[in-house]
Amino acid sequence: MAHYAIGDIQGCYQEFQLLLEKLDFNHGSDTLWLVGDIVNRGPQSLDVLQFCMRHESSIQMVLGNHDLHLLALMYGYGKLKRSDTLSDILNHPDSKKMRDWLRAQPLMRQSKRYVLTHAGLLPQWTVKLAQQLADEVSEELKGKYTKDYFANIYGNSPTAWSPNLKGYERLRLITNVFTRMRALTFNNELDYNFKAGPEDMPNGLRAWFEAPNRLNTDHTILFGHWSSLGYVDTNHVIALDTGALWGGHLTAVNLADRSITQVPSLKGLDWTKTL
């Protein structure tokens with residue numbers, strides 16, 4: 001039995017299948033965690049989503065910002081962008097079934113040693129608190145007021161966590177931390193504009209996992225979302241978005257020994273010639 005985690009797939013279904021083949025993944029015994037953003041921008045979002053649904057006994061995921069974007073569109077909010085590759089899902093006869101399966105997925109999973117989330121955890125959050133906050137959003141997504149959630153969730157404020165936040169401001173901040181966070185100010189406020197690599201970090205900002213006195217280092221945080229960061233295994237975090245969508249690699253880490261397995265992006269290639 002092996003347990004793996006894989007970075008952002010984003011509709012790159014063929015790379016996903018090649019990686020599972022390279023791992024000799026066994027759906028009867030092995031398990032897989034996906035860091036979110038399983039859909040969008042890549043060519044086969046529908047195939048990835050359907051595959052995950054078929055194999056939910058061995059494949060588990062957390063929601064990323066692109067997965068939430070798809071859900072928002074399904075509930076009539078947000079705008080379909082030119083670069084989106086979601087029409088096959090939106091127009092599929094089983095789209096409602098896919099919607100309900102996707103909205104039941106959490107923002108965070110954890111084991112004894114690891115936490116899985118799309119973007120990360122605020123430094124001042126313990127793992128226990130983070131799980132409670134993720135569950136607050138999940139209850140909203142799975143409940144009767146999902147449509148109201150998507151009507152109110154877009155926006156960049158507030159930028160700082162406070163336990164006194166209430167209503168949709170609270171849910172919006174929690175959602176943004178789990179699905180959009182990269183850089184923080186030295187006061188642990190979210191900066192939504194910076195998307196480059198750490199070498200280009202401006203003064204006054206730092207990667208969320210480089211903040212001092214983090215309260216969640218009793219677990220290793222597995223995350224994606226930050227393709228310009230690349231693969232990182234340091235400081236109680238493992239970053240897994242290695243830019244398969246952008247011509248990089250799709251990366252899996254074996255959680256038993258932290259060894260990695262990669263397949264290159266097939267962007268611009270005839271994938272059938274690689275089989």
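Positions are given from 1, in the same order as the sequence printed here.
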Colleague: Go through the steps for N193 and R182 under the test side chain to side chain contact (heavy atoms under 4.5 Å, CB included), then give the verdict.
Modeller: CA-CA 9 Å; N193 296 318; R182 294 185 183 93; over 6 Å; no
Colleague: Is a side-chain donor or acceptor of R170 paired with a backbone partner of P163 at a separation under 3.5 angstrom?
Modeller: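 Yes; judged by distance alone, with no hydrogens or angles, the pair exists.
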Colleague: Any side-chain heavy-atom pair from W208 and L122 closer than 4.5 angstrom?
Modeller: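 A side-chain contact under 4.5 Å is absent here.
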Colleague: Between D84 and L80, is there a donor-acceptor pair closer than 3.5 Å when you use the side chain of the first and the backbone of the second?
Modeller: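 Checked: no pair found.
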Colleague: Do W33 and R109 come close enough that some side-chain heavy atom pair is under 4.5 Å?
Modeller: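 Side-chain contact under 4.5 Å: yes.
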Colleague: Under a single-linkage definition using a 4.5 Å side-chain heavy-atom cutoff for Ile, Leu, Val, Met, Phe, Trp and Tyr, are L23 and Y114 assigned to the same hydrophobic cluster?
Modeller: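 L23 and Y114: separate clusters.
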Colleague: Spell out, yes or no, whether F150 and F178 are grouped together once hydrophobic residues are joined by side-chain heavy atoms under 4.5 Å, including indirect joins.
Modeller: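 Hydrophobic grouping puts F150 with F178.
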Colleague: Would you kindly say whether E189 and W161 are connected by a side-chain donor-acceptor distance under 3.5 Å?
Modeller: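 No, W161 and E189 have no side-chain donor paired with an acceptor closer than 3.5 Å.
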Colleague: Would L49 and I89 satisfy side chain to side chain contact (heavy atoms under 4.5 Å, CB included), going step by step from the backbone distance to the final call?
Modeller: CA-CA 9 Å; L49 178 53; I89 299 173; 4.0 Å; yes
Colleague: Give a yes or no on whether the backbone of K195 and the side-chain of S228 come within a donor-acceptor separation of less than 3.5 Å.
Modeller: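 It does hold such a pair.
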Colleague: Exactly one of L102, N40, I38 should register a side chain to side chain contact (heavy atoms under 4.5 Å, CB included) with L70. Which one does?
Modeller: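 Exactly one pass, corresponding to L102.
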Colleague: Does the Lys NZ or Arg CZ of R172 fall within the cation-pi geometry relative to Y154 - under 6.0 Å from the ring centre and within 45° of the axis?
Modeller: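 No, R172 does not sit over the ring of Y154.
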Colleague: For a 4.5 angstrom cut-off between non-hydrogen side-chain atoms, does I6 reach T251?
Modeller: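 A side-chain contact is absent here, since even the closest heavy-atom pair is not under 4.5 Å.
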Colleague: Between the side chain of N216 and the main-chain N/O of W125, is any donor-acceptor distance below 3.5 Å?
Modeller: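 Yes, N216 side chain to W125 backbone: donor-acceptor pair under 3.5 Å.
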Colleague: Assess, by modelled atom type and distance only, whether the side chains of T146 and R103 contain a donor and an acceptor separated by less than 3.5 Å.
Modeller: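 A pair is found: one side chain offers a donor N or O, the other an acceptor, under 3.5 Å apart.
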Colleague: Can you get from F186 to M181 by hopping between Ile, Leu, Val, Met, Phe, Trp and Tyr side chains that sit under 4.5 Å apart?
Modeller: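 Not linked; separate clusters.
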Colleague: With no hydrogens and no angle check, just 3.5 Å: does a side-chain donor-acceptor pair link H249 and T242?
Modeller: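 There is no such pair between these side chains.
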Colleague: Tell me, with the steps shown, if T31 and Q60 meet side chain to side chain contact (heavy atoms under 4.5 Å, CB included).
Modeller: CA-CA 8 Å; T31 55; Q60 297 180 327; over 6 Å; no
Colleague: Do any N or O atoms from the side chain of H219 and from the backbone of S111 form a donor-acceptor pair under 3.5 angstrom?
Modeller: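 Yes, because the side chain of H219 sits within donor-acceptor range (under 3.5 Å) of the backbone of S111.
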Colleague: What do the steps show when you test V253 against L255 for side chain to side chain contact (heavy atoms under 4.5 Å, CB included), and what is the final call?
Modeller: CA-CA 6 Å; V253 60; L255 297 182; 3.8 Å; yes
Colleague: Would you say the side chain of C12 lies within less than 4.5 Å of the side chain of L266, judging by non-hydrogen atoms?
Modeller: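 Sidechains of C12 and L266: no contact.
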Colleague: Within the structure provided, determine whether T261 and N254 are in side-chain contact (heavy-atom separation under 4.5 Å).
Modeller: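 Counting from C-beta outward, T261 and N254 never come under 4.5 Å.
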Colleague: Using a 3.5 Å distance criterion without hydrogens, assess whether the side chain of D94 forms a donor-acceptor pair with backbone atoms of K97.
Modeller: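 Answer holds: no.
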Colleague: Cluster question for you: counting only ILVMFWY and a side-chain heavy-atom cut-off of under 4.5 Å, with indirect links fine, are L32 and V39 together?
Modeller: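 L32 and V39: one cluster.
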Colleague: Hey, are the side chains of Y149 and Y77 touching, using non-hydrogen atoms and a 4.5 Å cut-off?
Modeller: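 No, side chains not in contact.
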Colleague: What about F25 and H27, are their ring centers closer than 6.0 Å?
Modeller: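 Yes, close enough.
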Colleague: Below 4.5 Å, heavy atoms only, C-beta onward: do R214 and N235 meet side chain to side chain?
Modeller: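 Of all side-chain heavy-atom pairs linking N235 with R214, at least one is under 4.5 Å.
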Colleague: Can you get from V35 to M108 by hopping between Ile, Leu, Val, Met, Phe, Trp and Tyr side chains that sit under 4.5 Å apart?
Modeller: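 No, because V35 and M108 fall into different hydrophobic clusters, even though each may have its own neighbours under 4.5 Å.
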Colleague: Answer whether the closest heavy-atom distance between the side chains of M61 and L116 falls below 4.5 Å.
Modeller: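 No, side chains not in contact.
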Colleague: So does Y145 have more than 12 non-hydrogen atoms from other groups sitting under 6.0 Å from OH?
Modeller: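 No.
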Colleague: Has S265 got a side-chain atom pairing as donor or acceptor with K267's backbone, closer than 3.5 angstrom?
Modeller: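 Flag set: sc S265 to bb K267 pair under 3.5 Å.
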Colleague: What residue among T179, D8, N65 forms side-chain hydrogen bond (donor to acceptor under 3.5 Å, both in side chains) with H225?
Modeller: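 Single pass found, and it is N65.
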Colleague: Between W226 (side chain) and A196 (backbone), is there a donor-acceptor pair under 3.5 Å?
Modeller: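 Flag set: sc W226 to bb A196 pair under 3.5 Å.
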Colleague: With no hydrogens and no angle check, do the side chains of T85 and S45 hold a donor and an acceptor under 3.5 Å apart?
Modeller: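 Indeed, the side chains of T85 and S45 share at least one donor-acceptor pair under 3.5 Å.
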Colleague: Give me the atom names and distance for the closest heavy-atom approach of F223 to A119.
Modeller: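 In terms of heavy atoms, the two residues are closest at CD1-O, 3.5 Å.
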Colleague: Given 3.5 Å as the limit, does a donor-acceptor pair link the side chain of D30 with the main chain of N26, or not?
Modeller: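 Checked: pair present.
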Colleague: Is there a donor in the side chain of R180 and an acceptor in the side chain of N156, or the other way round, less than 3.5 Å apart?
Modeller: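 Note: R180 and N156 side chains meet the donor-acceptor criterion.
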Colleague: Is D24 atom CG crowded by more than 12 heavy atoms from other residues, nucleotides or ligands, each under 6.0 Å away?
Modeller: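 No - once you tally the heavy atoms of other residues, nucleotides and ligands closer than 6.0 Å, there are 12 at most.
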Colleague: When you measure from the side chain of S138 to the backbone N and O of A134, does any donor-acceptor pair fall under 3.5 Å?
Modeller: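 Yes, because the side chain of S138 sits within donor-acceptor range (under 3.5 Å) of the backbone of A134.
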Colleague: Check whether the side chains of D37 and H118 place a donor and an acceptor atom closer than 3.5 Å, and report yes or no.
Modeller: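 Checked: D37/H118 side chains pair up, N/O donor to acceptor below 3.5 Å.
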Colleague: What closest approach, in Å, do A211 and N188 show between heavy atoms, and which atom pair accounts for it?
Modeller: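 Nearest heavy atoms, A211 then N188: CB-OD1, 3.9 Å.
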Colleague: For Q110 versus V127, what's the shortest heavy-atom pair and its separation?
Modeller: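 The answer is OE1-CG1, 3.5 Å.
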Colleague: Is it true that, when you exclude D257 itself, more than 12 heavy atoms of the residues, nucleotides or ligands shown sit nearer than 6.0 Å to its CG?
Modeller: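 Yes, because the 6.0 Å sphere around CG of D257 holds more than 12 heavy atoms from other groups.
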Colleague: In terms of side-chain heavy atoms, does N176 have a donor or acceptor partner in Y192 at a distance below 3.5 Å?
Modeller: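 Looking only at side-chain atoms, Y192 and N176 do form a donor-acceptor pair, the distance falling under 3.5 Å.
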Colleague: Check for me whether the distance between the ring centres of F16 and F51 falls short of 6.0 Å.
Modeller: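 Distance test on ring centres: under 6.0 Å, yes.
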